[in-house]
Amino acid sequence: MSIDDSAHLNAVDTLYSDHHDWLVRWLRSRLGCAHNAADLAQDTFTRILASRDATTVCEPRAYLTTIAKSLMVNWYRRQALERAYLDALAHIPETEVPAPEQHLIILETLHEIDQMLDLLAPKVRQTFLLSQIEGLKYEVIAEQLGVSLGSVKRYMQQAFRQCLLLM
């Protein structure tokens, strides 16, 4: 283990021992659930451990809050996506409902798609969704977004390229 690795681990250890309980309380006050708060606190420190920059932290609580907020946003998005999936399941015939063992696979796929869409520029994402989800023709999308047909084609190429990169 290098000196830098040792310094990083010591900094994370100090950060954890000095601020973990505070972070869990802070998260619990926002989430209303001790279990989810504990999970997100652990995720926060896991991210810090992987970041390799804990030795440069000047304002520990601000640093922890920034990371935890980002993780909370992702957590809320996951929760909303899961609720939407369960809502959609409630509206389809029972004979078409996927088997319980497929639910996790479907949810993970939905999360991956959501993450991929999040990486796209707003116009590219909007174009892709209008085409693939709404089934609109490129000409209609161009008119709706107030862009040229060439821009719509370019946006779709960018979206498909991003999809391929992530596969």
Side-chain angles (χ1 to χ4, degrees), residues 1-89 103-134 144-147 151 154-167:
M1 182 181 299
S2 72
I3 293 172
D4 286 343
D5 289 341
S6 180
H8 174 71
L9 290 176
N10 286 337
V12 173
D13 183 50
T14 300
L15 198 58
Y16 187 90
S17 60
D18 291 352
H19 301 285
H20 177 265
D21 292 340
W22 170 83
L23 181 61
V24 171
R25 286 191 308 277
W26 184 85
L27 285 164
R28 185 177 183 187
S29 72
R30 278 142 184 84
L31 298 172
C33 174
H35 298 294
N36 292 333
D39 287 347
L40 283 177
Q42 285 307 114
D43 290 347
T44 301
F45 284 101
T46 300
R47 180 155 306 169
I48 292 168
L49 194 57
S51 73
R52 298 280 185 223
D53 66 351
T55 56
T56 61
V57 175
C58 297
E59 298 289 334
R61 290 190 176 179
Y63 180 66
L64 291 169
T65 303
T66 300
I67 294 169
K69 281 181 182 178
S70 171
L71 291 171
M72 256 193 320
V73 167
N74 291 338
W75 183 83
Y76 279 122
R77 282 179 71 173
R78 265 183 101 85
Q79 297 299 307
L81 193 57
E82 288 174 19
R83 278 192 305 277
Y85 170 68
L86 293 174
D87 225 22
L89 283 181
H103 286 269
L104 185 59
I105 294 168
I106 293 169
L107 281 172
E108 284 305 312
T109 303
L110 287 172
H111 292 299
E112 288 173 13
I113 292 168
D114 183 53
Q115 288 174 339
M116 186 276 305
L117 290 172
D118 199 40
L119 295 174
L120 298 175
K123 285 264 190 192
V124 175
R125 179 177 47 249
Q126 190 174 14
T127 301
F128 182 78
L129 292 173
L130 288 171
S131 170
Q132 300 302 303
I133 304 298
E134 301 294 327
Q144 192 169 342
L145 296 180
V147 298
S151 291
R154 194 170 50 256
Y155 295 156
M156 288 301 293
Q157 287 175 345
Q158 289 173 16
F160 285 132
R161 208 172 303 123
Q162 184 68 33
C163 289
L164 287 172
L165 286 173
L166 295 173
M167 290 178 78

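With values rounded to the nearest 0.5 angstrom, T66 atom OG1 is found 11.0 Å from L71 atom CG. L119 contributes atom CG, which lies 8.0 Å from atom CD of Q115 (distance to the nearest 0.5 angstrom). For the atom pair CD1 (I105) and CG (L110), the distance works out to 12.0 Å, reported to the nearest 0.5 Å. In this structure, T65 OG1 and W26 CH2 are separated by 5.0 Å, a value rounded to the nearest 0.5 Å. We find the CE-CD distance between M72 and Q79 to be 13.0 Å, quoted to the nearest 0.5 Å.
Enclosure of atom CD in E59 is not indicated, since only 12 or fewer non-hydrogen atoms of other residues, nucleotides or ligands lie within 6.0 angstrom. The number of heavy-atom neighbours closer than 6.0 Å to CZ of R125, taken from other residues, nucleotides and ligands shown, is above 12.
Applying the ring pair (Phe, Tyr, Trp, His ring centres under 6.0 Å) definition to pairs two or more places apart or across chains, those involving residues 111-130 are F128-F160. Among pairs with a residue in residues 35-44, those fulfilling side chain to side chain donor-acceptor pair (under 3.5 Å) read Y16-Q42, H20-Q42, at least two apart in sequence or across chains.
The minimum heavy-atom distance linking H8 with I48 is given by the pair CE1-O, 3.3 Å. Of all heavy-atom pairs between L15 and P60, the closest is CD1-CB, 3.4 Å. The shortest non-hydrogen separation linking A68 to L27 is CB-CD2, 3.9 Å. Closest non-hydrogen pair, S70 versus R47, comes out as OG-NH1, 3.8 Å. Here the shortest heavy-atom pairing between K123 and L145 reads NZ-O, 3.5 Å. Annotation for Q158 and L120: closest pair O-CD2, 4.5 Å, computed over non-hydrogen atoms.
The shortest side-chain heavy-atom distance between L89 and H103 falls under the 4.5 Å cut-off. Side chains of Q126 and Y155 form no contact here, defined as non-hydrogen atoms less than 4.5 Å apart.
Looking at residues two or more places apart in sequence or on another chain, you find no ring pair (Phe, Tyr, Trp, His ring centres under 6.0 Å) involving Y76.
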